[in-house]
Amino acid sequence: MHTKLDACLDTVNQVLLGKEAQVRLALTCLLARGHLLIEDLPGMGKTTLSHALAKVLGLSFQRIQFTSDLLPGDILGTSVFDKDSGQFLFHPGPIFAELVLADEINRATPKSQSALLEAMEEGQVTIEGATRPLPDPFFVIATQNPISQSGTFALPESQLDRFLMRLSLGYPARAAEKALLLGEPRRSVLPTLDAVLNHVELAKLQAEVPKVRVSDALVDYVLRLVEATRSQPQFAWGLSPRASLALLAAARAWALLAERDYVIPEDVQAVLPSVAGHRLRDQADPAGHGGGALVQWLLREVPAL
C-alpha cells in the first residue's frame with residue numbers, strides 16, 4: 001500500500017513541478033480526513049493540484065467558482081417540480097462530489113460560504129428539511145487570493161477552523177519553472193493520468209491513520225505547544241481542542257506517509273505551520289496574518305523533550 005502512496009506522490013509531482021512538500025501536505029490532509037485551504041496568487045497551480053489529486057485517487061471532481069452572486073442552492077442543489085411525475089425531484093449540486101474545489105471562496109457572501117459548514121464538519125447537508133449524506137471520502141480544497149481583497153468577504157474564524165490545513169504553493173524554483181516552460185502544458189497532462197488508488201484502498205489508509213501510535217511524551221509535547229498559545233501574551237487567542245486534535249491527526253497521517261506506525265516530534269513540527277498558522281493571530285494585530293511568525297516562535301521556544 002505504501003508503494004501506491006509513493007506512486008500517487010510521484011504522479012502528482014510530475015504534474016505540479018517542484019512542489020513536493022506541498023503535495024505531501026495535501027495528501028496528508030486527505031488521509032487525516034481534513035479539508036485544505038490554499039492561499040496563493042492566481043496561476044500558481046492550485047486548480048492543477050486539486051484536479052491531479054482527484055485523478056490519481058480515483059475521486060469524482062467538481063469545481064465551484066465562488067462569486068458574489070453565488071447562492072447556497074447553487075452549491076447544495078435544489079428541488080425542481082417534474083410535471084410528468086407531479087412531484088418535486090431533488091437535483092444535487094456540485095457539493096456531492098468526492099473532491100470539491102471551492103475556488104476563490106472569499107468572493108462569495110457569508111451566506112453562501114456558510115453552506116459549506118455542515119458539509120465540512122458533518123459530511124452531510126440539510127436541504128429543505130431533509131438531511132442528505134455526502135460521498136465518502138469527501139474532501140474540500142478551497143482557494144483564496146491573499147493579496148486582492150477588493151470585493152471579498154473574509155472567512156470568519158469559525159470557518160477557518162473547519163480547515164485542517166492551510167498552505168501556500170509559492171513561486172516554483174528556477175529549474176522547475178524552466179521544465180514547465182519547455183514541457184507540454186500541465187492541463188494537457190491531467191487527462192492522461194490514471195487512478196493509482198481505488199476507493200477501498202483509500203478508505204483502508206484513512207482508517208489506518210488513527211491507529212498510528214503516539215506516546216505519552218509525544219502527547220505532552222503537543223499539549224505544551226497548545227498551552228503556550230493560551231498563556232503567552234503575544235497570542236490573541238489560543239488553539240482550541242479541535243486544533244490540538246487536528247495537529248495530532250495530521251502528525252499521524254504524516255508518519256503514515258513516512259511508512260512509520262508511530263509519531264515522532266519531527267512529524268508534529270512538519271505539520272504544525274499548516275495546521276496552526278491560520279488559527280493563530282498576534283495580539284498586536286488580531287485582524288492580521290501573524291500566524292506564521294507565531295508558529296516559528298512555537299517551534300523555536302517550546303522544547304520537544
Side-chain angles (χ1 to χ4, degrees), residues 1-13 16 19-38 49 53 56-57 59 99 136-139 141 161-169 196-229 239-280 292 295-296 298-300 302-305:
M1 196 73 75
H2 284 289
T3 302
K4 289 195 172 186
L5 276 178
D6 291 338
C8 287
L9 292 171
D10 291 342
T11 302
V12 177
N13 285 326
L16 195 69
K19 300 300 175 186
E20 290 81 3
Q22 291 89 336
V23 170
R24 181 173 286 266
L25 283 169
L27 186 55
T28 296
C29 187
L30 174 59
L31 291 177
R33 291 185 176 274
H35 303 286
L36 178 64
L37 176 64
I38 304 179
L49 171 61
L53 281 173
V56 300
L57 297 173
L59 304 178
L99 196 157
D136 186 18
F138 176 67
F139 185 40
I141 299 180
D161 201 43
R162 297 307 202 277
F163 290 98
L164 180 74
M165 288 183 172
R166 181 190 67 179
L167 58 85
S168 173
L169 297 178
V196 178
L197 287 174
N198 58 41
H199 285 62
V200 174
E201 292 168 331
L202 179 57
K204 286 182 179 179
L205 286 167
Q206 289 180 321
E208 286 297 315
V209 170
K211 300 176 184 177
V212 176
R213 292 181 288 114
V214 293
S215 65
D216 284 347
L218 191 284
V219 173
D220 288 339
Y221 176 45
V222 171
L223 289 174
R224 285 197 300 275
L225 290 168
V226 172
E227 288 166 358
T229 69
L239 293 174
S240 68
R242 178 190 287 161
S244 58
L245 288 169
L247 181 57
L248 200 55
R252 279 178 156 135
W254 186 268
L256 184 69
L257 274 175
E259 301 185 32
R260 278 186 280 101
D261 63 351
Y262 58 92
V263 179
I264 59 177
E266 287 78 3
D267 299 325
V268 177
Q269 294 161 1
V271 301
L272 181 64
S274 299
V275 173
H278 61 295
R279 292 179 163 97
L280 296 175
V295 168
Q296 293 308 312
L298 289 171
L299 292 171
R300 185 174 63 252
V302 179
L305 298 176

Here the side-chain hydrogen bond (donor to acceptor under 3.5 Å, both in side chains) pairs for residues 251-260, sequence neighbours left out, are R260-D267

Note, H199 side chain near K204 side chain (heavy atom, < 4.5 Å) | no

Got L202 and L59 here, is their nearest side-chain heavy-atom distance under 4.5 Å?
-> yes

Do L57 and N198 have side-chain heavy atoms sitting under 4.5 Å apart?
-> no

Can you check whether M165 reaches L25 side chain to side chain, under 4.5 Å on heavy atoms?
-> yes

Looking at L299 and P273, what are the two nearest heavy atoms and their distance?
-> CD1-CG, 4.4 Å

Considering the options L257, L53, L197, which one meets the side chain to side chain contact (heavy atoms under 4.5 Å, CB included) requirement together with C8?
-> L197

State, to 0.1 Å, how close F139 and C29 come at their nearest heavy-atom pair, and which atoms those are.
-> CE1-SG, 3.9 Å

Indicate the atoms forming the closest heavy-atom contact of A250 with V275, along with that distance.
-> CB-CG2, 3.8 Å

Report the C-alpha separation of R213 and V263 in whole Å, then their side-chain angles, then the decisive distance to 0.1 Å, and conclude whether the side-chain contact (heavy atoms from CB on, under 4.5 Å) test is met.
-> CA-CA 6 Å; R213 292 181 288 114; V263 179; over 6 Å; no

Partners of D10 by side chain to side chain contact (heavy atoms under 4.5 Å, CB included), sequence neighbours excluded?
-> none

Name all residues meeting the side chain to side chain donor-acceptor pair (under 3.5 Å) criterion together with R279; count only those two or more places apart in sequence or in a different chain, and write none if there are none.
-> D161

Report yes if the side chains of L5 and L27 come closer than 4.5 Å at any heavy-atom pair, otherwise no.
-> yes

Give a yes or no answer on whether the side chain of T229 reaches the backbone of L239 with a donor-acceptor pair at less than 3.5 Å.
-> yes

Closest approach of V209 to L31 (non-hydrogen atoms, all atoms of both residues) = CG2-O, 3.5 Å

Looking at residues at least two apart in the chain, or sitting in another chain, which of them share a side chain to side chain contact (heavy atoms under 4.5 Å, CB included) with P265?
-> L218, Y221, Q269, A304

ring-ring contact (aromatic ring centres under 6.0 Å, His included) against H35, all qualifying residues, sequence neighbours excluded = F138

Please identify each residue that fulfils side chain to side chain contact (heavy atoms under 4.5 Å, CB included) with A32, with sequence neighbours left out.
-> L164, A249, A253

Please name all residues satisfying salt bridge (charged side-chain N to carboxylate O under 4.0 Å, His left out) with R166, sequence neighbours left out, ordered by chain then number.
-> E39

Which residues satisfy the side chain to side chain donor-acceptor pair (under 3.5 Å) test with S244, sequence neighbours excluded?
-> none

Report the residues that fulfil side chain to side chain contact (heavy atoms under 4.5 Å, CB included) with E20, sequence neighbours left out, ordered by chain and then residue number.
-> N13

Minimum heavy-atom distance between L225 and V268, given as atom pair plus value | CD1-CG1, 3.8 Å

For R24, which residues count as a side chain to side chain donor-acceptor pair (under 3.5 Å) partner, sequence neighbours excluded?
-> none

Please check if the side chain of Q22 supplies one atom and the backbone of L169 the other of a donor-acceptor pair under 3.5 Å.
-> yes

State which residues pass salt bridge (charged side-chain N to carboxylate O under 4.0 Å, His left out) with E208; sequence neighbours excluded, sorted by chain then number.
-> K211

Considering only heavy atoms from C-beta outward, does the side chain of L30 approach that of L36 to under 4.5 Å?
-> no

Interatomic spacing from CZ in F163 to CD1 in I141 - rounded to 0.5 Å | 10.0 Å

CG on L256 to CD on Q206, rounded to 0.5 Å = 10.5 Å

Residues which pass side chain to side chain donor-acceptor pair (under 3.5 Å) with D220, listed by chain and number, not counting sequence neighbours = none

